[in-house]
Amino acid sequence: MKKILKYLSIFLLPILILNIVLIIKYGYEGFSNLFIIEDMHSQYASLLSWFQSVLQGDNNLFYSFSKGIGGNMFSTFAYYLSSPLNLLLLFFDKSHYIDAIAVLINIKIGLASVSMYIFLKYKFKDMKFINLMMFSIIYALSGAIVNFYSNVMWIDVTYLMPLVIMGLDKLIHNVKSYQYIIFLAISIISNFYIGYILCIFCVMYFVYEMVITYTKQDKK
């Protein structure tokens with residue numbers, strides 16, 4: 001039970017901090033609309049609304065007449081909408097899709113905190129819980145995430161990256177694991193644009209960790 005409460009606090013704290021700051025700055029009225037800004041307002045909200053209609057059986061995933069005079073939608077789905085978490089749209093009424101988007105963003109920020117905690121706990125086994133929690137929340141509320149939360153399909157990689165790097169770290173240290181392959185594949189499927197950037201980061205981390213490992217072991 002204590003372990004569950006730890007994970008729950010790490011998940012909820014960054015969400016609470018973000019939402020409290022938004023309420024203090026902009027007020028509570030029309031709160032969900034605070035997440036519908038910039039490209040989210042001009043592009044992604046309508047696409048997510050369309051995908052919600054697909055999940056509810058009112059549209060076709062592969063073709064739509066709402067695209068000009070009609071056109072293929074699978075490429076649009078692959079780039080913008082292929083996050084597994086978008087399936088949560090199925091449980092929201094069509095008139096509340098903006099609230100659904102706000103919930104999606106909050107969940108992804110919470111998951112970013114939890115996944116970073118999992119990685120840090122694995123990597124730094126002697127670190128105290130309070131420090132693990134603090135750095136996890138800092139990661140979840142970092143500028144790279146908060147500044148681009150309106151690009152909802154990009155922030156999937158932020159909660160997947162720590163799990164990918166954790167899997168890679170296990171492979172470097174000769175621990176058999178499919179974690180790296182599984183979570184990297186999910187990252188690329190969720191959004192290949194940020195997914196390939198994660199692949200580049202993996203190469204950089206691999207070189208860094210190999211240098212550190214072999215330096216410690218006095219190997220060439």
Exercise. Is it true that Ile212 and Val175 fall in one hydrophobic cluster, defined by side-chain heavy atoms closer than 4.5 Å?
Worked result: no
Exercise. Got a second to check how far Leu89's CG is from Phe91's CZ, nearest 0.5 Å?
Worked result: 10.0 Å
Problem set entry | Separation of Leu111 CG from Asn106 CG (nearest 0.5 Å) | 11.0 Å
Seminar exercise, completed: Which of Phe129, Tyr139, Phe11 passes side-chain contact (heavy atoms from CB on, under 4.5 Å) with Tyr117? It is Phe129
Exercise. How far does CG of Asn86 sit from CD of Gln52, to the nearest 0.5 angstrom?
Worked result: 10.5 Å
Problem set entry | salt bridge (charged side-chain N to carboxylate O under 4.0 Å, His left out) involving Lys94 - partner list, sequence neighbours excluded | Asp58
Seminar exercise, completed: Between Tyr97 and Ala45, the two heavy atoms sitting closest are CE1-O, 3.6 Å
Exercise. So which heavy atom on Val157 is nearest to which on Gly195, and how close?
Worked result: CG2-N, 4.3 Å
For this session: Indicate yes or no for a side-chain donor-acceptor contact from Asp169 to the backbone of Ile165 under 3.5 Å, with no hydrogens or angles considered.
Result: no
Exercise. Under 3.5 Å, side chain of Gln56 to main-chain N/O of Asp93, donor-acceptor pair present?
Worked result: no
For this session: Measure the spacing between CG of Leu168 and CG of Leu163 and express it to the nearest 0.5 Å.
Result: 12.5 Å
For this session: For residues Thr76 and Leu47, determine if any side-chain heavy atom of one lies less than 4.5 Å from a side-chain heavy atom of the other.
Result: yes
Problem set entry | Minimum heavy-atom distance Leu55-Leu90, with the two atoms named | O-CD1, 3.4 Å
Exercise. Distance from Ile137 atom CD1 to Ile109 atom CD1, nearest 0.5 Å?
Worked result: 12.5 Å
For this session: Determine the minimum heavy-atom distance between Ala112 and Ser115, stating which atoms define it.
Result: O-OG, 3.2 Å
Exercise. With a 4.5 Å heavy-atom cut-off, do Tyr205 and Met161 have their side chains touching?
Worked result: no
Exercise. Counting only heavy atoms not in Tyr122, do more than 12 fall under 6.0 Å of its OH?
Worked result: yes
For this session: For the residue pair Leu13 and Ser113, establish whether any side-chain heavy-atom pair is separated by less than 4.5 Å.
Result: no
Exercise. Are Leu120 and Ile130 connected, step by step, through hydrophobic side chains (Ile, Leu, Val, Met, Phe, Trp, Tyr) whose heavy atoms are closer than 4.5 Å?
Worked result: yes
Exercise. Are Ile189 and Tyr196 connected in a single hydrophobic cluster, I mean Ile/Leu/Val/Met/Phe/Trp/Tyr linked by side-chain heavy atoms less than 4.5 Å apart?
Worked result: no
Exercise. What is the minimum heavy-atom distance between Gln179 and Gly167, and which atoms define it?
Worked result: NE2-N, 3.8 Å
Problem set entry | Set of residues satisfying side chain to side chain donor-acceptor pair (under 3.5 Å) with respect to Tyr44, sequence neighbours excluded | Asn151
Exercise. Do Lys121's NZ or CZ and the ring of Phe124 fall within the cation-pi criteria of under 6.0 Å and 45°?
Worked result: no
Exercise. Can you hop from Leu160 to Val203 via hydrophobic side chains spaced under 4.5 Å?
Worked result: no
Exercise. OG/Ser190 to CG/Leu81 distance, rounded to the nearest 0.5 angstrom?
Worked result: 11.5 Å
Problem set entry | NZ/Lys128: more than 12 non-hydrogen atoms of other groups inside 6.0 Å | no
For this session: Flag the pair Phe183 / Leu198 as yes when at least one side-chain heavy-atom distance between them is below 4.5 Å, and no otherwise.
Result: no
For this session: Would you mind listing every side chain to side chain donor-acceptor pair (under 3.5 Å) that reaches into residues 154-167, with sequence neighbours excluded?
Result: Ser83-Asp156, Lys108-Asp156, Asp156-Tyr159
Problem set entry | Side-chain touch Tyr180/Lys170, heavy atoms, less than 4.5 angstrom | no
Exercise. So, do Phe77 and Val54 sit near enough that their side-chain heavy atoms are less than 4.5 Å apart?
Worked result: no
For this session: Taking the six-membered ring for Trp and the single ring otherwise, decide whether the centroids of Tyr80 and Phe51 are under 6.0 Å apart.
Result: no
Exercise. Is any side-chain heavy atom of Cys199 less than 4.5 Å from a side-chain heavy atom of Ile188?
Worked result: yes
Exercise. Are the side chains of Leu171 and Phe206 in touch, meaning some heavy atoms are under 4.5 Å apart?
Worked result: no
Exercise. According to a 4.5 Å side-chain heavy-atom criterion applied to Ile, Leu, Val, Met, Phe, Trp and Tyr, with indirect links allowed, do Leu85 and Leu87 form part of one hydrophobic cluster?
Worked result: yes
Exercise. Counting only N and O atoms by type, is there a donor-acceptor contact under 3.5 Å from the side chain of Ser9 to the main-chain atoms of Lys6?
Worked result: yes
Exercise. Is Tyr79 atom OH crowded by more than 12 heavy atoms from other residues, nucleotides or ligands, each under 6.0 Å away?
Worked result: yes
